[in-house]
There are 2 protein chains.
Amino acid sequence: MAAKPPTPSRSSSREEILDAAEEVFAARGYAGASMRAIADGAGVAQALLHYHFKTKEGLFEAMFLRRAGAINRIRIARLDAMLSRGRPSVEDIIEALLRPAVETGDAPMQGGARFAALILELSTADAAWQRDLMARAYDAMATRFIAALMTALPGLDRAGATWGYLFVVGAALTQMPSTGRAHRLSRGATEDADTDAMITRAIIFAAAGLRALAVPMPDHFES
Amino acid sequence: MAAKPPTPSRSSSREEILDAAEEVFAARGYAGASMRAIADGAGVAQALLHYHFKTKEGLFEAMFLRRAGAINRIRIARLDAMLSRGRPSVEDIIEALLRPAVETGDAPMQGGARFAALILELSTADAAWQRDLMARAYDAMATRFIAALMTALPGLDRAGATWGYLFVVGAALTQMPSTGRAHRLSRGATEDADTDAMITRAIIFAAAGLRALAVPMPDHFES
DNA sequence: GTCTATAGTTCGATAGAC
DNA sequence: GTCTATCGAACTATAGAC
């Protein structure tokens with residue numbers, strides 16, 4: 001789909017830089033990361049980063065789109081497979097949306113957990129280029145899932161489906177970087193690193209929440 | 001409750017620095033903000049920031065605890081008032097948790113919307129001092145609300161109530177900085193800046209989600 | 001308590017050799 | 001494509017006068 005260099009083995013250091021950028025950006029955020037730290041992580045000279053990506057912003061963009069694109073392709077593939085087999089349940093749709101975010105596997109990061117922090121930073125930023133990047137990385141995928149939710153849940157209008165989608169993503173994304181908070185607040189009853197338990201509960205939580213939003217409107221409307 | 005300087009009018013510039021710090025930190029994040037920009041915003045010399053708060057970290061801490069404390073006091077007051085009047089519904093509890101976050105009013109920020117981005121940055125950070133600050137700012141309040149949820153929803157165990165609390169906060173917090181995303185994804189069917197519509201839907205969504213978590217376990221368990 | 005001035009680092013980016 | 005070397009700007013923090 002995207003333009004790829006015709007050379008069969010594209011310059012290997014370019015990918016190594018992107019790998020290192022993922023680690024450093026995810027650990028320290030955009031502003032907190034430095035080109036020097038990324039160059040060191042990749043084992044190349046700092047100038048090479050500027051040769052390949054021109055600016056820090058350009059490197060961040062390439063890094064972010066690579067990872068987000070990889071995850072979104074899995075999401076869409078799962079959704080398409082489900083749709084071709086019949087009418088998926090709300091739970092199925094949510095699972096196809098959330099699981100790929102924690103099952104990255106192929107690139108060097110702890111289960112995509114820290115990448116979630118990066119998405120949150122980007123999605124709440126107010127710089128124009130960050131909002132644009134967020135839109136380019138996720139809007140197409142989000143539109144597909146919002147449509148799927150409206151099909152699975154007649155009675156859910158577009159505004160409700162949109163807020164519902166954003167709630168689901170926000171609820172799950174904020175729990176992915178394991179900070180020890182769930183363990184502490186639950187007095188040891190659960191573990192942050194147990195992403196499976198978290199995702200399982202998130203699906204139950206989100207499916208019920210979406211079904212409630214599908215009811216036209218409770219009985220009063222205000223403001 | 002906290003130690004206050006005995007002087008009736010405490011150095012006014014100290015508060016002005018905190019006000020400016022809120023704006024700059026919320027707009028650019030911790031790493032992206034500079035002491036210079038904060039000093040300029042407060043109209044004082046940069047050295048004065050270090051006199052009052054010693055380091056950038058110290059200033060961030062003071063700023064964050066002041067704002068978080070103010071919001072949490074309102075939350076706890078609302079919860080206590082409800083509890084003294086009988087058994088509040090899940091919706092009431094969630095409303096007491098979410099509304100104060102968007103109705104800050106007294107300090108100079110656009111409805112506390114951008115402060116939410118700061119909370120998200122802090123809650124997903126992995127530096128020790130940031131996790132400690134997060135715990136000091138929110139754990140006591142969170143514990144009260146988790147307990148209230150368990151009382152309102154028998155069948156909700158501590159692990160479920162904890163994840164539920166975290167889901168609710170994550171779902172709502174991620175929507176507070178209005179980025180135009182909801183407007184775009186819904187094709188104009190809703191507006192990001194309409195926080196009342198967002199909060200109203202968040203309460204419906206979250207209440208249903210929490211009730212679903214209160215059911216011991218659906219009927220199958222997988223993975 | 002508030003200022004000016006500056007020390008000491010670190011940053012993003014570029015020039016230019018190979 | 002990759003490197004060394006470096007520029008100029010920004011940063012946090014401190015010293016010291018008032």
Side-chain angles (χ1 to χ4, degrees), chain A residues 3-64 118 121 125 127-130 133, chain B residues 3-64 66 121 125 127-130 133:
Chain A
K4 278 189 180 177
T7 329
S9 81
R10 57 256 192 258
S11 98
S12 73
S13 74
R14 194 177 194 276
E15 297 296 316
E16 281 161 25
I17 290 170
L18 287 174
D19 291 345
E22 242 178 31
E23 284 190 26
V24 176
F25 277 128
R28 312 193 206 171
Y30 176 75
S34 77
M35 299 293 271
R36 283 172 155 80
I38 295 170
D40 287 354
V44 299
Q46 190 190 338
L48 195 57
L49 274 58
H50 288 97
Y51 168 78
H52 280 302
F53 306 100
K54 204 66 189 171
T55 64
K56 182 183 183 182
E57 199 175 305
L59 172 56
F60 183 86
E61 232 176 77
M63 175 279 296
F64 194 84
L118 223 42
E121 181 187 353
W129 73 270
Q130 289 175 313
L133 178 55
Chain B
K4 277 189 182 178
T7 330
S9 80
R10 56 253 190 261
S11 96
S12 73
S13 73
R14 194 178 194 275
E15 298 296 315
E16 280 161 26
I17 290 170
L18 287 174
D19 291 345
E22 244 179 30
E23 284 191 26
V24 176
F25 276 128
R28 312 192 206 172
Y30 176 74
S34 77
M35 298 294 271
R36 281 171 153 81
I38 295 170
D40 287 352
V44 300
Q46 191 190 338
L48 195 57
L49 274 57
H50 288 97
Y51 169 78
H52 280 302
F53 305 100
K54 203 66 188 172
T55 65
K56 182 183 182 182
E57 200 175 303
L59 171 56
F60 183 87
E61 232 176 77
M63 174 280 296
F64 194 85
R66 184 185 69 155
E121 181 187 353
W129 73 270
Q130 289 174 315
L133 178 54

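Bear in mind the structure is a predicted one, so any value in this text is a computation, not a measurement. Chain naming here is simple, since letters A, B, ... match the order of the sequence lines and numbering starts at 1 in each. Only this structure's heavy atoms are used, side chains among them; waters, hydrogens and symmetry mates stay out.
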Given axes from five pairs at either end, by how many degrees does the helix from dG1(C)-dC18(D) to dC18(C)-dG1(D) bend, rounded to 10°? 0°
How close do A33(A) and V24(A) get, heavy atom to heavy atom, and via which atoms? CB-CG1, 3.7 Å
Would you name the heavy atoms of A39(B) and Q46(B) that are closest together and state the gap between them? CB-CA, 3.7 Å
Nearest heavy atoms of A125(A) and Q130(A), plus distance in Å: CB-OE1, 3.0 Å
Using modelled atom types only, decide if a donor and an acceptor are shared between the side chain of S13(A) and the backbone of E16(A) within a distance under 3.5 Å. no
Provide, to the nearest angstrom, the distance between the CG atom belonging to L49(B) and the C1' atom belonging to dT14(D). 14 Å
Mind listing the closest non-hydrogen atom pair of A20(B) and I38(B) along with its distance? CB-O, 3.5 Å
Of R36(A) and L48(A), the one whose closest DNA chain D nucleotide lies more 5': L48(A)
Chain B contact limits on DNA chain C, taken 5' to 3' with a cut-off of 4.0 angstrom to heavy atoms: dG1(C) to dT4(C)
Residue pair H50(A) / T55(A): nearest heavy atoms and the distance that separates them: CD2-CA, 4.3 Å
Closest non-hydrogen atom pair between L49(A) and M35(A), with its separation: CD2-O, 3.4 Å
Once you apply a heavy-atom cut-off of 4.0 Å, does A33(B) come out as touching a base, just sugar-phosphate, or nothing? sugar-phosphate
First encountered from the 5' end of DNA chain C, between Y51(A) and G32(A): G32(A)
K56(B) NZ to dT14(D) C1', straight-line distance once rounded to whole Å: 17 Å
Within 45° of the axis and under 6.0 Å from the centre of the six-membered ring of Y30(B), does NZ or CZ of K56(B) qualify? yes
